[in-house]
Each structure stands twice: as structure tokens, then as C-alpha cells.
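Step one of this worksheet: look at the structure below.
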Amino acid sequence: MRADFSSQDYFRNPAAEIEKLRSAGPVVDVRFPIVGKIWTTTTQDLADRVLKDSETFTIRRDDGTVAGFRWWMPRILLTLSNHMLSMDEPDHRRLRDIVDEAFRRRAVRDMEPLILAIADELAGELFAQGSPADLVDRYARTLPLSVICELLGLPLADRPKFTAWARRITGLTKPIGFLSMIPNLFAMRRYLENHLESVRQHGGLVAELVRVEKEGGKISRNEMVSMVFLLLFAGHETTTHLISGSVHELLKNARLRDWLEEDWNRAGLAVEEFLRFISPVQFTKPRYVRKDIELGGVRLKKGDRIMPMLAAANLDPHANVHPEKLDLERKPNRHIAFGTGIHFCLGHQLARIEGACALKALFRRWPRLQLAADESQIKWRERAGLRAIEHLPVAVGQ
């Protein structure tokens, strides 16, 4: 199937392009930017099956090759990707167990007052440099980055560095972009290696990782650097696009916004629908097929690569009625925005709370917030696999 997963037409209306894919079958072969030719799923049932069968569909081959990596990619990227998201069992569980406690429901719930306070402060400063303001830069990115730095125990003074690195590293859209990314990756690794000891005084999850490593625990120094790299970027990048995408939808639809503002206890319900409808993460990581198998009527061979499409799963009419419609009151809401199986998103509770707090603080502070650009001028980052608004200009409104 020919499908451009990085075009503005796709990001403006993913449901239309996904419906074309689904009409071709539940499993189709596509060409994905950077990754190359790959199989993908178009139903929630098959995405669920692939992600839960971690013996048949694995992140790595026997020789340790990671499914999404190409021979021309910089080795520093492979080094920094030596984390649990790029591992199969038992290494995945060994690393996940070390950080699991910090992301448990009760621990994250205890952070909610702090998250709301940070969101309130950032909402108040949104127009400090004038109106209109870019909501992505001044709010949607800053909130989750501040929260994950708080959780990790990384110094407040260093957060501008992380913001700059994040923009450059996550902004690549073409293979040539890897060249410009290399200096930032090295700078990031140097920072983490040099500061792992010094940040112990700040407490937080990094201090716990250092303690486990020093006591001869189940994590090496390289794995620790990769773990912090993963948590820092995964802990804020996707939530950034959940927040900006949610605000964008509310600013387009006054009725939905009024419904939400009537009772902020509805925020959790709304966030579930935004997760499904926006699907900030559109695809999972690629996986290798470990044996010949039939999937959705298609014969897959050992060595093939498959990359389940979360966006298609979330827009599957067999999982949710009228999936192309944004319905903030949707119950039940059957989405797999956080994946499923052993790699189910570690930070799902944190992302949910940040999404709800972000909307609550923003619209309480600016109840007449409005778009400061015509809808046709809103652009998405041309990066397949991530539905990310580039800039979202907003104004105070009357």
C-alpha cells in the first residue's frame, strides 16, 4: 500500500487514510520512512495480538540486532537505545522492575498537586512575552518536561538544555537528519555520564538508579545512562503532543470545550478520548517475526518485520462505535494509545494526570483562549509515527 504517514493531509484526517489501509486488509505491507518496507496491522484485535505475543514478535534478533535500526544509523544512537523499550525478556523485566515503583499509581497520584501547581504557574506565564503565544513551546512542552525532571531529580537549572536537545533530537524527519542529531546525542550522553553522581543530592529516580548500580544491582552504567535518556524523552515528548492536540481540538469545538468547563471532574474521561482520537504515538516499535505464521489471512515469514499501527487500532469501528468522531463522553473507550503487552507504557498514569491538569489549569486561567491563526495554517511535524503539532499560536481572546 502507498501511504504517506508524514503528510499534512494524513495528519489533518488520519481516519480517511487509515480507512483506505483497512480496506486492503487487516495486515498490509507499507513503506515506512527510515524503517523501510514493513508489515502493519489495521485492526485493534491484531495489534493487540502482536503486542502480547512477545515470543513470536520480538524487538531483537538472536544476534541482538534491533528491528528498527539500519546499518547507516550512528552507533551513538544504538548505545543510547540500550534501554528496556528496545529489549525483550528477560532483560526488559530486569530493567523495568528497577523503575516500576516510581511510576506506580499511588506514587504518581501523590504528584498530582505538584503537577497542577506547575501547570498553574506555566499557564499564568503563557503570555508573559506577549500575545499570541506558541502553546507548544511555552506550555505543552514545558509542563511534562518540568514534571519528568522533578521525578528524575534533574536540576531545574539544566532544563533549558533538555528542551534544546529535545527539539533537535526529536525533530528529525529524514535520514540526513541523523547527521545533525549526532552532536546533540553526544552532548546528552556526556551530560548524563558526568552528572549521574552529582545529581544524587537532588534525590529522585536518578539517585535511586545510582544506588542500585553502586550496590551491584541489576543495571550497568551504560544501561543507566540509556534508561535516563529514555525516561527523559519518552516522559515528556509524547505528552507534549497529547496536550497540544487536546487544546487544538477544544479550540476548534466550543461545544466540547463548554461541556468540559462545566465540570472539571470530566477531565479524566476527556483525556481518554483525546488519547484515542489523537493517538500521539501512531505506531509501535518494529518487531521481528520469529517464525512462519499466518496473521489476518496473510502469511508472514520468519525474519519479516511488523509494526502494529496504534492509530488504526484506535480508529477501528469494531473496537469503538463511530471512531472518526471525537466524543468526550465515550464509554467504554477501547483504545491502546499506550500499547499493550510487556511494553505497555510505564508512564501511562503520569501522562493521564498531566493531560488533565494541563487542560484544567490552562482553561481556568484563560477561559476565552482562542486560536491566533487560521486552521489551514496549523501544521504538523513531518515525522511519521508521531502526530505532533509544530506550533499552535493562541491568543487571550475576548
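In this chain, residues are counted from 1 in sequence order. In what follows, every heavy atom counts, from backbone to side chain, and hydrogens, waters and symmetry copies are set aside.
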Side chains of [X] and [Y]: does their closest heavy-atom pair fall under 4.5 Å?
| X | Y | result |
| --- | --- | --- |
| V147 | E150 | no |
| R96 | D100 | yes |
| R60 | M87 | yes |
| L346 | L85 | no |
| V99 | L209 | yes |

Looking at [X], I want to see if its [atom1] is surrounded by more than 12 non-hydrogen atoms of other residues, nucleotides or ligands under 6.0 Å.
| X | atom1 | value |
| --- | --- | --- |
| R31 | CZ | no |
| K252 | NZ | yes |
| K379 | NZ | yes |
| E262 | CD | yes |

Ring centre gap for H391 and W380 strictly below 6.0 Å: no
Ring centres under 6.0 angstrom apart (F5, F11): no
Electrostatic pair [X]-[Y], nearest N-O below 4.0 angstrom:
| X | Y | result |
| --- | --- | --- |
| R12 | D9 | no |
| R141 | E237 | yes |
| R2 | E17 | no |
| K52 | D48 | yes |

For a quick check under 3.5 Å, do [X] and [Y] share a side-chain donor-acceptor pair by atom type?
| X | Y | result |
| --- | --- | --- |
| T58 | R290 | yes |
| D63 | T65 | yes |
| T43 | D45 | no |

Parallel, tilted or perpendicular: rings of W264 and F363 (30°, 60°): parallel
With sequence neighbours excluded, residues passing ring pair (Phe, Tyr, Trp, His ring centres under 6.0 Å) with Y288: none
Donor-acceptor under 3.5 Å (T41 side chain, P308 main chain): no
L369 side, atom CG; R257 side, atom CZ - distance, nearest 0.5 Å: 6.0 Å
Verdict with supporting geometry, W366 and F127, ring pair (Phe, Tyr, Trp, His ring centres under 6.0 Å): CA-CA 10 Å; W366 307 106; F127 297 107; 4.8 Å; yes
Atom pairs and distances, donor-acceptor, side-chain atoms in residues 350-360, under 3.5 Å, two or more places apart:
residue, atom, partner, partner atom, Å
R352, NE, E272, OE2, 2.5
R352, NH1, H348, ND1, 2.8
R352, NH2, E272, OE1, 3.1

For A24 against V28, the heavy-atom pair lying closest together: CB-CG1, 3.8 Å
side-chain hydrogen bond (donor to acceptor under 3.5 Å, both in side chains) assessment of Q282 paired with R387: CA-CA 7 Å; Q282 301 267 292; R387 194 170 180 218; 5.8 Å; no
Worked verdict on I278 versus H241 for side chain to side chain contact (heavy atoms under 4.5 Å, CB included): CA-CA 9 Å; I278 296 168; H241 310 309; over 6 Å; no
What side-chain donor-acceptor pairs closer than 3.5 Å can you find for residues 320-330, not counting sequence neighbours?
residue, atom, partner, partner atom, Å
N320, OD1, R334, N, 3.0
N320, ND2, R334, O, 2.7
D327, OD1, E329, N, 3.1
R330, NE, E273, OE1, 3.1
R330, NE, E273, OE2, 3.2
R330, NH1, V321, O, 2.7
R330, NH2, H322, O, 3.2
R330, NH2, K325, O, 3.0

